[in-house]
J.: 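Handing you a structure now.
Whatever order the structure lists them in is the order used to number ligands and atoms, beginning at 1. Predicted model only: the values in this text are computed from it and were never measured.
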Amino acid sequence: MPQSRIAGVGHYVPKNVVSNNDLLQYMDTSDEWIQERSGIKERRYADRTGETTATMGVEAATIAIERAGITPQDIDFIIFATLSPDYYFPGCGVLLQRAMKMKEVGALDVRNQCSGFIYAISIADQFIKTGMYKNILVVGSEKHSFGLDFSTRGRNISVIFGDGAGAVVLQPTEKAGQGILSSHLHSDGESAEILAMYNPGTHANHWVKEKVADFGDAELGEMFMSHEMIDNAQNFPFMDGPVVFKKAIVKFPEVVMEALKANGLETKDINLLIPHQANLRISQFVQHKLHLRDDQVFNNIDKYGNTTAASIPIALSEAWEQGKIKEGDLVCLAAFGSGFTWGSALLRW
Ligand SMILES: CC(C)(COP(=O)(O)OP(=O)(O)OC[C@H]1O[C@@H](n2cnc3c(N)ncnc32)[C@H](O)[C@@H]1OP(=O)(O)O)[C@@H](O)C(=O)NCCC(=O)NCCS
């Protein structure tokens with residue numbers, strides 16, 4: 001059975017750099033608070049109307065496809081991970097298929113937030129292993145800047161997130177021990193509302209005691225998105241940061257160890273751990289817990305903030321460009337986020 005290897009990787013971030021101090025014009029915060037709690041110095045925001053989640057995905061995909069030595073017409077399956085799609089439906093995969101003039105190949109959107117990219121490459125891996133597809137494009141892209149609460153009310157979330165996209169092309173390899181060695185996916189829906197954007201949605205306050213959507217007396221139609229929801233700022237994401245933090249620092253190390261154990265490897269064997277860039281403090285905690293050296297862990301959250309589904313492919317692409325990943329290296333990808341969902345993938349480059 002063939003294994004899947006990453007044949008090309010690319011990333012794209014918008015030109016517009018937004019520093020912590022730039023955010024002071026919208027909300028009561030400080031560079032010191034943001035850096036101390038998250039390690040973030042700046043992030044990128046997409047052009048307001050000129051760039052979308054899908055167009056940034058196209059930019060990253062173009063680089064990944066070129067580096068894989070193929071053309072967009074060679075792609076035989078698309079997987080697009082995002083929580084900030086251009087449309088509620090259809091997904092971004094078909095917009096990318098159209099923009100890149102690809103053949104009428106399958107396009108799947110993955111909605112697993114911060115662990116979206118891990119889920120996406122895990123799916124791609126299965127299709128490659130069965131021999132069904134030979135060139136799978138996996139994209140992670142986010143345009144968070146369009147949907148955050150930039151008032152002081154939303155500052156615990158809005159200072160953390162940034163825009164950008166990353167992509168990889170997966171191809172089969174017969175070389176023993178090369179490529180994706182294993183992937184490990186998990187979920188625990190008990191805390192689904194801890195980090196979530198409830199509206200627009202069809203929940204009608206079904207799942208929680210406290211109302212998360214106001215829609216007056218409406219019975220039909222106006223319940224999906226009402227004026228009340230907008231007046232009460234219920235159209236923005238919600239996050240209980242400390243709860244997310246506490247769960248993340250347990251699940252990240254656990255899922256890295258699960259990947260290593262499944263392959264008879266140890267933490268000292270890791271050449272590069274690329275954690276989802278959620279918060280520098282989380283990554284530092286994970287590094288400490290796993291006794292990893294600084295050179296074994298890749299961080300770039302200081303420049304881009306948390307780009308959710310895009311964070312791992314952006315980091316992977318940067319690490320590769322910086323020569324930090326060489327043939328034969330053991331690379332571990334790990335993510336945790338909304339759902340909660342989490343996962344890891346272990347790769348021999
Ligand atoms: C979000 C996070 C940085 C907040 O840090 P924290 O130390 O937990 O902060 P809290 O939410 O407890 O808030 C502490 C105080 O800072 C304030 N605060 C929140 N955001 C602020 C901001 N941007 N600027 C200044 N003050 C802020 C709060 O209002 C609160 O004030 P109070 O004590 O007067 O009520 C942190 O919880 C975190 O990173 N969690 C994980 C989130 C994450 O990774 N999410 C992505 C999912 S993968």
J.: Does ligand 1 have any atom that is closer than 4.0 Å to a heavy atom of Ala248?
T.: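 False for this residue.
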
J.: Taking the side chain as every heavy atom from C-beta outward, state whether Asp149 and Ile157 have any atom pair closer than 4.5 Å.
T.: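 Side-chain contact under 4.5 Å: no.
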
J.: List the closest protein heavy-atom neighbour of atom 9 (O) of ligand 1: residue, atom name, distance to the nearest 0.1 Å.
T.: Arg37 NH1, 3.3 Å

J.: Which residue and non-hydrogen atom of the protein lie closest to atom 11 (O) of ligand 1, and at what distance in Å?
T.: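 The protein heavy atom lying closest is Pro242 CD, 3.9 Å.
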
J.: Looking at Lys289 and Glu254, is any side-chain nitrogen of the basic one under 4.0 Å from a carboxylate oxygen of the acidic one?
T.: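 Salt bridge flag = no for Lys289 with Glu254.
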
J.: Any idea which atoms of ligand 1 are less than 4.0 Å away from a heavy-atom of Ile282?
T.: 44 (O)

J.: Please state which protein non-hydrogen atom is closest to atom 39 (O) of ligand 1 and give its distance, to 0.1 Å?
T.: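 Protein heavy atom with the smallest distance to atom 39 (O) of ligand 1: Asn279 ND2, 2.4 Å.
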
J.: Check this for me - ligand 1, Val159, N or O atoms closer than 3.5 angstrom, yes or no?
T.: no

J.: Got the closest protein heavy atom to atom 40 (N) of ligand 1, with its distance?
T.: Gly241 O, 3.0 Å

J.: Describe, in one word, how the ring planes of Phe252 and Phe336 are oriented to each other, choosing from parallel (under 30°), tilted (30 to 60°) and perpendicular (over 60°).
T.: tilted

J.: Return the residue, atom name and 0.1 Å-rounded distance of the protein heavy atom closest to atom 45 (N) of ligand 1.
T.: Met239 SD, 3.3 Å

J.: Please list the nearest protein heavy atom to atom 28 (C) of ligand 1 with its residue and the distance rounded to 0.1 Å.
T.: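 Residue, atom and distance for the closest contact: Arg155 NH2, 3.9 Å.
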
J.: Please determine whether any non-hydrogen atom of Ile34 lies less than 4.0 Å from an atom of ligand 1.
T.: no

J.: Is it true that Lys175 and Glu327 have a side-chain N and a carboxylate O under 4.0 angstrom from each other?
T.: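 Salt bridge present between Lys175 and Glu327.
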
J.: Is there a side-chain contact between Phe146 and Arg48 in this structure, where contact means two heavy atoms from C-beta onward sitting under 4.5 Å apart?
T.: yes

J.: Is there a path of hydrophobic side-chain contacts, each under 4.5 Å between heavy atoms, that joins Met223 and Met197?
T.: no

J.: Do Met56 and Asp163 touch side chain to side chain, with heavy atoms closer than 4.5 Å?
T.: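 Side-chain contact under 4.5 Å: yes.
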
J.: Strictly less than 4.0 Å: does any protein heavy-atom distance to atom 26 (N) of ligand 1 fall in that range?
T.: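 Yes, because at least one protein heavy atom sits under 4.0 Å from atom 26 (N) of ligand 1.
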
J.: May I ask you to check whether Asn306 has an N/O atom sitting below 3.5 Å from an N/O atom of ligand 1?
T.: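 No, since none of the N or O atoms of Asn306 sits under 3.5 Å from an N or O of ligand 1.
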
J.: Would you tell me which option among Leu24, Leu23, Thr29 has the nearest heavy-atom contact to atom 22 (C) of ligand 1?
T.: Thr29

J.: With a 4.0 Å cut-off on heavy atoms, is Ile160 touching ligand 1?
T.: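 Yes.
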
J.: What distance do His184 atom NE2 and Leu346 atom CG have between them, rounded to the nearest 0.5 Å?
T.: 7.0 Å

J.: Can you list the atoms of ligand 1 that are under 4.0 Å from a heavy atom of Cys114?
T.: 48 (S)

J.: For atom 47 (C) of ligand 1, what's the nearest protein heavy atom and its distance?
T.: Leu195 CD2, 3.4 Å

J.: Calculate, to the nearest 0.5 Å, the distance between atoms CD and CG belonging to Gln277 and Asn306 respectively.
T.: 8.5 Å

J.: Would you mind reporting whether Phe215 and Met229 have side-chain heavy atoms less than 4.5 Å apart?
T.: yes

J.: Polar contacts were defined as any N/O atom of the residue lying under 3.5 Å from an N/O atom of the ligand; does this apply to His276 and ligand 1?
T.: no

J.: Heavy-atom contacts with Asn156 under 4.0 Å: which atoms of ligand 1 show up? List them by number with element.
T.: 1 (C), 19 (C), 20 (N)

J.: Which heavy atom of Asp76 sits nearest a heavy atom of Ile136, and at what distance?
T.: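 Distance-wise, the nearest heavy atoms are OD1-N, 4.1 Å.
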
J.: Is it the case that ligand 1 has an N or O less than 3.5 angstrom from some N or O of Ser38?
T.: no

J.: Provide, to 0.1 Å, the distance between atom 20 (N) of ligand 1 and the closest protein heavy atom, together with that atom's residue and name.
T.: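 Ranking protein heavy atoms by distance from atom 20 (N) of ligand 1, first comes Trp33 CH2, 3.2 Å.
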
J.: Is any side-chain heavy atom of Asp22 closer than 4.5 Å to a side-chain heavy atom of Leu24?
T.: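 The answer is no, as the side chains (C-beta and beyond) never meet within the 4.5 Å cut-off.
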
J.: Indicate, as side chain, backbone, both or neither, the part of Met27 found under 4.0 angstrom from ligand 1 when only non-hydrogen atoms are considered.
T.: neither

J.: Is there a side-chain contact between Val139 and Phe117, using heavy atoms and a 4.5 Å cut-off?
T.: no

J.: Considering only heavy atoms of Phe336, which atoms of ligand 1 have at least one such atom less than 4.0 Å away?
T.: 48 (S)

J.: If you scan the protein for heavy atoms around atom 33 (O) of ligand 1, do you find one that is closer than 4.0 Å?
T.: no

J.: Relative to each other, are the rings of Tyr45 and Phe150 parallel, tilted or perpendicular (30° and 60° limits)?
T.: perpendicular

